[in-house]
Amino acid sequence: MSRFRLYDLNPEQQRAATHESGPLLILAGAGTGKTRTIVARITWLVSTGTPASKILAVTFTNKAAREMKERIAGMLTEEQADDITASTFHALCVRILRGDADKLGYKSNFTIFDEGDQMGLIKKVINRVTAKDEKIDPGLAKNMISKAKNNGWAAPEDDETVIGAVYSCYNRELRALNAMDFDDLLTNAVRLLNDHPDVRDKWRARFSHMMVDEFQDTNRLQLDLVSLLASGDPPNVCVVGDDDQSIYGWRGAEVSNILEFEKHFPNPEVIRLEQNYRSTNTILTAANRLIKNNPRRRAKSLWSSVQGGDPVHVVSVPDDKTEAEFVVGEVGAIRNAQRVPWEQFAVIYRMNAQSRLMEENLRRLRIPYRLVGGKSFFDRREVKDILATITCLVNPQEDISLLRIINTPPRGIGATTVEIALEHSAKAHRSLFDTLTDSAFEEQVSRKTAAAIREFAENLAAVRIHLMTPGADAAALVSSYLADTGYFEDLKRSCKTPEEALNREGGAKEILNALATHQARKRGSVQDFLDELSLNREREEDKKDDGTGLTLITLHAAKGLEFPHVFLIGAEDGLLPHERSKTEGTVDEERRLFYVGITRAMKSLTITQCRNRMKFGSAMHCRPSPFLKEIEGEGVHAETYEDIMSRPLDEEDIGFSFASIRASLDD
DNA sequence: AGGTGAGCATTTTTT
DNA sequence: ATGCTCACCT
């Protein structure tokens, strides 16, 4: 097994990969070969006799888990690679819970509530629990419930506060539905392992070595889970992360998990990866100058063997409109001068709203781009509708889904009827569907409404019978149900532009295709399909492989990615750091965000700053970000848009200018 | 039941 | 500027 080639690794990476036993903390700076090191470590463990099946690698996203599996597959035999468990925290919890959920009073076939389901239930609960004059914002309630769960706060015994009442009622409802939300998956898994030593021992015996990626993003519960699962004495836990890239504090991540790692796992070996294989030293120096202003961090200093490089440009532009024009112009100039494809460029910003001006300019010049982030495919109306329809076809007892489709398209079961039914169902502790179809309920409503309800229920039942028949073409059945009930027509009618109609149609097709593919490939049930989707909501742009074009992306979403040429826009006080972070006292995290942005760049980095920006509809004066002062120094050139424009054009630029003029004439 | 306009807030996002 | 919610109107 000397296939393992240590000489591919630098000394620190090697030390990390071959660490024998006990806790290991790998502080992996941006671009220092973090994944390569984890994969090498896994390979080393296997090659020195650890059974592959005893290795557990935990990540945050499905994408990261998949990538890790792929890279492991390239290093080991297929069988070994298959035996390694690489999973997200949440998927791991589901596996743990599916086995022993009964010990917590759930049925093992509990359903998983995604954010939409959760929101629906919270709204329902708020309507039930609160008086008309004390309605609270469901979004706020959701955040507070999530925070409470993550902090391990039980619902108050007496429903004294409104929010407390909502919290406890929400939990009761989830229980009654045999459902867990995303937070429950973690809390319940932790509770199960905590309260049931036999289960804990079973899972501890299952794995001998555990790795956790992006450890700076873990929250309290995730740390608990790691502690509970880690086996060995001292525990064989290897965590990888970078406190300087901790940018998810606002959703519960605890930087202290990595800063105080020794407290949780005493006497770890600590290895710093500081050699960067991504950026030029010029870029890294600027990044180092910035981040060293943060207190409370594990000091690291990135370096690269690539000396020099283009200077970092900091450009002051008059306003956001000019900023977009300038960036697009520069992109064109670089592409023209260096003959590089659009894929090598990224424009990175703090807020999604900043993408709009960029998009307009890119479209004008016919530059292909992909927009990362924004709304998830699964948040699209038609996708939610269709998934809710499928859910109801499989199980009409799911109130939230039923509520979504009961009158979509309009079929004569209006809000008033639903309101009454909801009241009855709460009182009788029955599902909405059962309440509606109860003969006693019919007498409460008009003949017309009763007929509408009956027709709806009969239609659902008829399709369900077909759907449950083995070998049925589920996608076709669902599709014809939607067509028969006039859903597609209704969807089209509600679109303002033909473009939107086409888009929605595409979304509908895509989700139905996914169902068909799932059935064909995995021969799984429709329930399997729904389950898988609730844990694996990939963003639209991840699925499409048309990775062509320039990338527009937020700083948060850009973490982990790299681009040869990066434009970091909107470096203004109030945007980066965001105004809100100042009142919340999280400017350090904003600095890390800026740091993440800078360290995405491989070859060139241009930072722009507007002197005026449209905010809330009116032009506002902006001061440069204080972070710009912090990166000042050798290799960082500050200039103004006016300086650059009054300079004569380079020869290469001229070619692009003609192209852009021609392109803009087309419009 | 469903469409329309006033009023309002407006960071970042995964599971 | 813009999108979203809610109340009110047809």
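No hydrogens, no waters, no symmetry mates; every other heavy atom, side chains included, goes into these values.
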Rounded to whole angstroms, how far apart are [atom1] on [X] and [atom2] on [N]?
X: A/Q354; N: B/dT12; atom1: CD; atom2: P; value: 9 Å
X: A/R66; N: B/dT14; atom1: CZ; atom2: C1'; value: 14 Å
X: A/F616; N: C/dG3; atom1: CZ; atom2: C1'; value: 14 Å
X: A/N143; N: B/dT13; atom1: CG; atom2: C1'; value: 11 Å
X: A/N219; N: B/dT15; atom1: CG; atom2: P; value: 14 Å
X: A/M614; N: C/dA1; atom1: CE; atom2: P; value: 6 Å
X: A/L221; N: B/dT14; atom1: CG; atom2: C1'; value: 15 Å
X: A/K559; N: B/dT13; atom1: NZ; atom2: C1'; value: 11 Å

- request: For A/T551 and A/R370, test the side chains for any donor-to-acceptor distance below 3.5 angstrom and give the result as yes or no.
  value: yes
Can you identify which nucleotide, out of [options], has its nearest atom closest to the [X] side chain?
X: A/H556; options: C/dA1, B/dT15, B/dT12; result: B/dT12
X: A/T88; options: B/dT15, B/dT12, C/dA1; result: B/dT15
X: A/M351; options: B/dT14, B/dT12, C/dA1; result: B/dT12
X: A/H90; options: B/dT12, C/dT2, B/dT15; result: B/dT15
X: A/F182; options: B/dT10, B/dT15, B/dT13; result: B/dT15

So, OP1 or OP2 of [N]: does either fall under 4.0 Å of a side-chain N or O from [X]?
X: A/N62; N: B/dT14; answer: no
X: A/R580; N: B/dT10; answer: yes
X: A/S618; N: C/dA1; answer: no
X: A/R356; N: C/dT2; answer: yes

query: When you measure from the side chain of A/E173 to the backbone N and O of A/L121, does any donor-acceptor pair fall under 3.5 Å?
result: no
task: Say whether, by atom type as modelled, one donor and one acceptor occur between the side chain of A/S256 and the main chain of A/L259 under 3.5 angstrom.
output: no
message: Should A/W250 be counted as stacked on B/dT12, where stacking needs a ring-centre gap under 5.5 Å and an angle between planes under 30 degrees?
response: yes
- prompt: What does A/F60 touch in the nucleic acid at a heavy-atom separation under 4.0 angstrom: a base, only the sugar-phosphate, or nothing?
  reply: sugar-phosphate
query: Heavy atoms under 4.0 Å, any strand shown: does A/E584 hit a base, just sugar-phosphate, or nothing?
result: base
query: Among A/L555, A/I607, A/I291, which residue meets the side-chain contact (heavy atoms from CB on, under 4.5 Å) test with A/F594?
result: A/I607
message: Within a 6.0 Å radius of atom NZ on A/K321, are there more than 12 heavy atoms belonging to other residues, nucleotides or ligands?
response: no
